[in-house]
Amino acid sequence: MIPVTKPFLPAEEEYNKYIHAIWERHWLTNNGPLVNELETKLKEYLKVSNILFLANGTLAIQIALKALALKGEIITTPFSYVATTSSIVWENCHPIFVDIDAGTFNIDPSLIEAAITENTSAILVTHVFGNACDIDAIKAIADKHQLKVIYDAAHCFGTKYNGQSIFEYGDISTSSFHATKLFHTIEGGAVFSKDPLLAEAMGLLRNFGHTSPVTFGSVGINAKNSEMHAAMGLCVLPYMDDIFKVRKEQWLHYEAMLKGKTGIQLLKLTLGCEFNYAYFPIVLENEKALQKVTTALNLQYVQPRRYFYPSLNTLEYIDQSKCAVSESVAERVLCLPLYHTLKKEDQDMIVKVILKNC
Ligand SMILES: *Cc1c(COP(=O)(O)O)cnc(C)c1O
């Protein structure tokens with residue numbers, strides 16, 4: 001079986017060493033030493049101003065929305081995982097979908113201004129597949145209209161934009177460290193902000209709003225993560241340079257075999273983006289071709305995934321609107337298997353099956 005992704009696991013003994021120390025300390029959660037160590041190491045590794053390690057990437061978005069006290073309409077992308085939209089709705093805000101660029105699959109900044117109304121409070125968009133949004137254009141629009149910006153950077157561990165971590169952009173960036181992501185803590189996520197006051201406010205929100213054991217400064221939630229999860233992060237982090245190196249080779253190998261083939265569109269990288277090679281999406285000619293390719297791959301025990309389908313503007317629980325590009329891409333996109341132990345021969349076989357059936 002060749003799945004779309006396979007979580008990276010360190011040697012069992014390495015994890016067990018951390019687990020043994022947790023048993024000795026008897027400190028399992030609530031801002032424990034491993035959570036602190038992971039935050040410190042991630043801050044150094046990523047060269048970011050502030051980071052808060054959280055229970056998952058969905059709570060990260062919800063805390064970001066809450067910390068900025070956003071209300072009303074939030075401009076967002078229809079081409080992302082459902083958590084981007086559901087978090088907006090969960091926080092009682094109204095998602096306004098703006099269509100994507102047909103090449104980068106990120107929000108098309110030239111369409112944003114037409115969607116701004118007096119009720120718009122923010123732009124919350126995803127750097128999809130680890131490829132940067134047009135951050136400069138989005139910032140210019142946000143500044144002009146005094147809107148907050150949140151980036152869902154769940155795919156972006158290691159991505160840089162104009163030379164610095166992509167997590168440094170926007171009022172807040174969020175990420176996911178779920179097992180399926182490039183860097184993972186089994187379940188986990190984070191929020192990033194250059195603004196120390198915002199970071200502090202999110203720290204309170206993460207822990208029930210506790211300002212002391214007996215005082216509460218705001219309506220908080222429990223978004224803390226545990227020592228066991230931090231331990232996994234501490235085990236995986238030292239492997240990241242190697243993971244990036246292998247991932248880039250695998251990605252370029254797919255690209256070399258698929259570039260310029262009729263009926264197959266590849267991801268166009270954004271100018272200024274230093275890519276992390278997180279995903280390898282292909283966009284086929286139509287949904288029928290996608291189904292044919294999927295069936296043929298499944299026969300070889302290969303499981304690509306429809307990242308991302310459906311286009312989020314078509315969800316049943318929101319006021320639907322039309323996003324022609326996103327809907328079209330969502331109908332035709334497949335992410336190919338990409339994980340640390342994927343073999344070159346398997347990539348060759350996958351591409352052969354695709355080219356024969358598309
Ligand atoms: C994975 C993902 C999330 C959610 O992260 P979890 O850690 O699974 O809660 C949010 N947004 C995007 C774009 C994702 O891919």
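Order of appearance sets the numbers: ligands from 1, and atoms from 1 within every ligand. None of the values given here were measured: they were computed from a predicted structure.
Side-chain atoms of Tyr45 and Asp241 form a donor-acceptor pair, as typed in the model, at a separation below 3.5 Å. Side chain to side chain, Thr77 and Ser80 fail the donor-acceptor criterion of an N or O pair below 3.5 Å. When only modelled atom types and interatomic distance are considered, Asn222 and Lys224 share a side-chain donor-acceptor pair under 3.5 Å.
The distance from atom CZ of Phe129 to atom CZ of Phe275, rounded to the nearest 0.5 Å, is 9.0 Å.
Remark: Phe53 engages no residue in a ring-ring contact (aromatic ring centres under 6.0 Å, His included) (not counting sequence neighbours).
The aromatic rings of Phe308 and His155 sit parallel, their planes meeting at an angle under 30°, below the 60° perpendicular limit.
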Between the protein and ligand 1, are there any N or O atom pairs that come within less than 3.5 Å of each other, and if so, what are their names and distances?
{"residue": "ligand 1", "atom": "5 (O)", "partner": "Ser176", "partner atom": "OG", "Å": "3.2"}
{"residue": "ligand 1", "atom": "7 (O)", "partner": "Gly57", "partner atom": "N", "Å": "2.8"}
{"residue": "ligand 1", "atom": "7 (O)", "partner": "Ser176", "partner atom": "OG", "Å": "2.7"}
{"residue": "ligand 1", "atom": "9 (O)", "partner": "Gly57", "partner atom": "N", "Å": "3.3"}
{"residue": "ligand 1", "atom": "9 (O)", "partner": "Thr58", "partner atom": "N", "Å": "3.0"}
{"residue": "ligand 1", "atom": "9 (O)", "partner": "Thr58", "partner atom": "OG1", "Å": "2.6"}
{"residue": "ligand 1", "atom": "11 (N)", "partner": "Asp152", "partner atom": "OD1", "Å": "3.4"}
{"residue": "ligand 1", "atom": "11 (N)", "partner": "Asp152", "partner atom": "OD2", "Å": "2.7"}
{"residue": "ligand 1", "atom": "15 (O)", "partner": "His155", "partner atom": "NE2", "Å": "2.7"}
{"residue": "ligand 1", "atom": "15 (O)", "partner": "Lys181", "partner atom": "NZ", "Å": "3.2"}

